[in-house]
**Student:** 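I have a structure here, written as structure tokens, and I will follow up with some questions on it.
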Amino acid sequence: QLGMMGFVVTALFADQAIDWWEAPAGETSQAAFQNLTFGGDGGPDAATNSISLFVANPDNTCQNPPFAARTFMGKGDDAVLQPKFSPDGRRVAFIERRDKTVKLVTTAIDGTDQRVVADYCLSGADDCTSSANLLFPRRPQWLDETHIGWMRSTDGATDVSVPWEVVVAADIPSAPISRYMACTSGAMPTLFNFLRDGNILANVRATRYGAEDLLVLSRGATGTCSAMKNLTKFGVEGSYARDFSISPDGTMVAYIHNQKPAGTS
């Protein structure tokens, strides 16, 4: 039987391992998700789990199952996480946790042209102190059809004056990484996305336990970030805006809203 804790962990894990691409009229919508098949008892160091990234569409059935775009044998907490379709729906970027490494990988939706783009974390950074313990990595986002961005902590690694940053890389194997935006204050968001004007939308807390607001972060000429607009202005500790999604035309945002009354915590 699956206990409540197992159910919660499974639900959280599932949320980290799926994405949908809503196609324009006349094209086929798709979903990308992880499939994990546990193997036999081969010992703690045996790679006996089959781990796959599947791409599905509405035509899939038991007789016509989804396609495995990437599969490998893993062990322990190896996984494919946080898949994200490119804007045109032709490729999927995802985080591959494998053999105690964490990589950003992309693939065409038919499983061809697979590319290990970059290491996902800085060695020693707060969000990747131990790669094997990076259970819920933050989701990468496509800047455009050929470039991918992700957030990473820099504390204790290369730049202690910048707590966190957004970096970008071209969708090519072993791509050079460049800093897109450097933020010198606030806790690293759990989610961000690129806006069409080059700015960033993110859920940011000014302090570790403060309110979590939905902010538009402006990207300065030198890549520094500043709060351009606060969309929620909660102010009360424990309030938050999370799990947001930007509309296809880039003009609206939907999010989970939890605003606590003044005087509560």
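Along the sequence shown, residues are numbered consecutively beginning with 1.
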**Student:** Does the side chain of Ser50 reach to within under 4.5 Å of the side chain of Met73, using non-hydrogen atoms?
**Tutor:**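 They are in contact (side-chain heavy atoms under 4.5 Å apart), so the answer is yes.
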**Student:** Search all heavy atoms of Asn199 against all heavy atoms of Ser218 and return the closest pair with its distance.
**Tutor:**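 Between these two residues, the closest heavy atoms are OD1-CA, 3.2 Å.
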**Student:** Closest approach of Pro140 and Ile95, non-hydrogen atoms and distance?
**Tutor:**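 Taking Pro140 first and Ile95 second, the nearest heavy atoms are CD-CD1, 3.9 Å.
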**Student:** Verify whether one side chain among Thr232 and Asp213 offers a donor that lies under 3.5 Å from an acceptor in the other.
**Tutor:**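 A donor-acceptor contact under 3.5 Å links the two side chains.
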**Student:** Flag the pair Ile51 / Arg70 as yes when at least one side-chain heavy-atom distance between them is below 4.5 Å, and no otherwise.
**Tutor:**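 No - every pair of side-chain heavy atoms lies 4.5 Å or more apart.
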**Student:** Can you tell me how far the CZ atom of Phe194 sits from the CE atom of Met181, to the nearest 0.5 Å?
**Tutor:**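 Here the interatomic distance stands at 8.5 Å.
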**Student:** Where do Ala169 and Pro176 come nearest, in terms of heavy atoms and distance?
**Tutor:**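 Closest approach of Ala169 to Pro176, heavy atoms only: CB-O, 3.6 Å.
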**Student:** Please write out which residues are connected to Leu231 in a hydrophobic cluster, directly or through intermediates, given that two of Ile, Leu, Val, Met, Phe, Trp, Tyr count as joined at side-chain heavy-atom separations below 4.5 angstrom.
**Tutor:**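 Taking Ile, Leu, Val, Met, Phe, Trp and Tyr as members, Leu231 shares its hydrophobic cluster with Leu191, Leu195, Leu201, Leu214, Val216, Met228, Phe244, Ile246, Val253, Tyr255.
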**Student:** Distance-only, no hydrogens or angles: does the Arg138 side chain make a donor-acceptor pair with backbone N or O of Pro189 under 3.5 Å?
**Tutor:**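 At least one qualifying donor-acceptor pair exists.
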**Student:** Quick one: pull up CD1 in Ile148 and CG in Asp171 and give me the separation to the nearest 0.5 Å.
**Tutor:**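 Reported to 0.5 Å precision, the distance equals 4.5 Å.
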**Student:** Do Arg98 and Lys103 have side chains that get closer than 4.5 Å, going by heavy atoms?
**Tutor:**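 Side chain of Arg98 against side chain of Lys103, heavy atoms only: no contact under 4.5 Å found.
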**Student:** Restricting to side chain to side chain contact (heavy atoms under 4.5 Å, CB included), what partner residues turn up for Glu145, sequence neighbours left out?
**Tutor:**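 Counting only residues at least two positions away or on another chain, Glu145 forms a side chain to side chain contact (heavy atoms under 4.5 Å, CB included) with Pro87, Asp88.
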**Student:** Could you see if Phe192 belongs to whatever hydrophobic cluster contains Leu143? Use Ile, Leu, Val, Met, Phe, Trp, Tyr and a side-chain cutoff under 4.5 Å.
**Tutor:**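 Same cluster: Phe192 reaches Leu143 through Ile, Leu, Val, Met, Phe, Trp or Tyr contacts under 4.5 Å.
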**Student:** For Arg115 and Thr106, test the side chains for any donor-to-acceptor distance below 3.5 angstrom and give the result as yes or no.
**Tutor:**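 There is no such pair (donor and acceptor under 3.5 Å, judged by atom type) between the side chains of Arg115 and Thr106.
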**Student:** What do you reckon, are the aromatic ring centroids of Tyr180 and His147 less than 6.0 Å apart?
**Tutor:**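 Not under 6.0 Å, so no.
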**Student:** Measure the shortest side-chain to side-chain distance between Trp150 and Leu104 over non-hydrogen atoms and say whether it is less than 4.5 angstrom.
**Tutor:**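 Side chain of Trp150 against side chain of Leu104, heavy atoms only: contact under 4.5 Å found.
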**Student:** With side-chain hydrogen bond (donor to acceptor under 3.5 Å, both in side chains) as the criterion, how do Thr101 and Asp99 come out once you've worked through the C-alpha distance, each side chain's angles and the decisive distance to 0.1 Å?
**Tutor:** CA-CA 6 Å; Thr101 64; Asp99 196 24; over 6 Å; no
**Student:** Does Thr107 use its side chain to pair, donor to acceptor, with the backbone of Gln114 at less than 3.5 Å?
**Tutor:**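 Such a contact is absent between Thr107 side chain and Gln114 backbone.
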**Student:** Identify the residue among Arg219, Arg152, Met151 that makes a side chain to side chain contact (heavy atoms under 4.5 Å, CB included) with Val166.
**Tutor:**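 For Val166, the side chain to side chain contact (heavy atoms under 4.5 Å, CB included) test succeeds with only one of Arg219, Arg152, Met151, which is Met151.
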**Student:** Using modelled atom types only, decide if a donor and an acceptor are shared between the side chain of Ser153 and the backbone of Trp164 within a distance under 3.5 Å.
**Tutor:**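 No: the side chain of Ser153 does not pair with the backbone of Trp164.
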**Student:** Could you state the interatomic distance from CD (Gln141) to CD (Gln82), rounded to the nearest 0.5 Å?
**Tutor:**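 The distance works out to 9.0 Å.
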**Student:** Grab the two heavy atoms, one from Ser86 and one from Trp142, that are nearest each other, plus how far apart they are.
**Tutor:**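 Looking at all heavy atoms of both residues, the shortest contact is N-NE1, 3.4 Å.
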**Student:** Would you say Ile18 and Gln34 make side-chain contact, with heavy atoms under 4.5 Å?
**Tutor:**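 Ile18 does not reach Gln34 side chain to side chain.
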**Student:** What are the two closest non-hydrogen atoms of Glu27 and Trp21, and how far apart are they?
**Tutor:**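 The pair with the smallest heavy-atom distance is OE1-CH2, 3.7 Å.
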**Student:** Can you tell me how far apart CG (Asn49) and CG (Asn35) are? Round to the nearest 0.5 Å.
**Tutor:**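 It is 11.0 Å, given to the nearest 0.5 Å.
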**Student:** Is there side-chain contact between Leu217 and Ser226, with at least one heavy-atom pair below 4.5 Å?
**Tutor:**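 Not in contact.
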**Student:** Quick one: side chains of residues 58-69, donor-acceptor pairs under 3.5 Å with protein atoms, not counting sequence neighbours, listed by atom name and distance.
**Tutor:**
unit_1 : atom_1 : unit_2 : atom_2 : d
Asn60  : OD1    : Asn57  : N      : 2.6
Asn60  : ND2    : Asn64  : O      : 3.1
Asn60  : ND2    : Pro65  : O      : 3.3
Thr61  : OG1    : Gln63  : N      : 3.2
Thr61  : OG1    : Asn64  : N      : 2.9
Asn64  : ND2    : Asp59  : O      : 3.3

**Student:** What is the distance from atom CZ of Phe72 to atom CD of Glu96, rounded to the nearest 0.5 Å?
**Tutor:**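 Spacing of CZ (Phe72) from CD (Glu96) equals 4.5 Å.
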**Student:** With the side chain counted from C-beta on, respond yes when Asn203 and Leu215 share a heavy-atom pair under 4.5 Å apart, and no when they do not.
**Tutor:**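 They are not in contact (no side-chain heavy atoms under 4.5 Å apart), so the answer is no.
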**Student:** Is there a side chain to side chain contact (heavy atoms under 4.5 Å, CB included) between Asn193 and Ile200? Walk through the geometry before answering.
**Tutor:** CA-CA 6 Å; Asn193 211 332; Ile200 280 176; over 6 Å; no
**Student:** Verify, without hydrogens or angle tests, whether Asp19 (side chain) and Phe85 (backbone) share a donor-acceptor contact under 3.5 angstrom.
**Tutor:**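 A pair under 3.5 Å: yes.
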**Student:** Find out whether Arg242 and Glu212 are in side-chain contact, i.e. whether some heavy atom of one side chain is under 4.5 Å from a heavy atom of the other.
**Tutor:**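 Counting from C-beta outward, Arg242 and Glu212 do come under 4.5 Å.
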**Student:** Please round to the nearest 0.5 Å and tell me the distance separating atom CH2 of Trp20 and atom OG of Ser29.
**Tutor:**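 Answer rounded to 0.5 Å: 12.5 Å.
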**Student:** Is there a chain of hydrophobic side chains (I, L, V, M, F, W, Y, each step under 4.5 Å between heavy atoms) that links Ile172 to Ile109?
**Tutor:**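 No; Ile109 is not reachable from Ile172 via cluster members.
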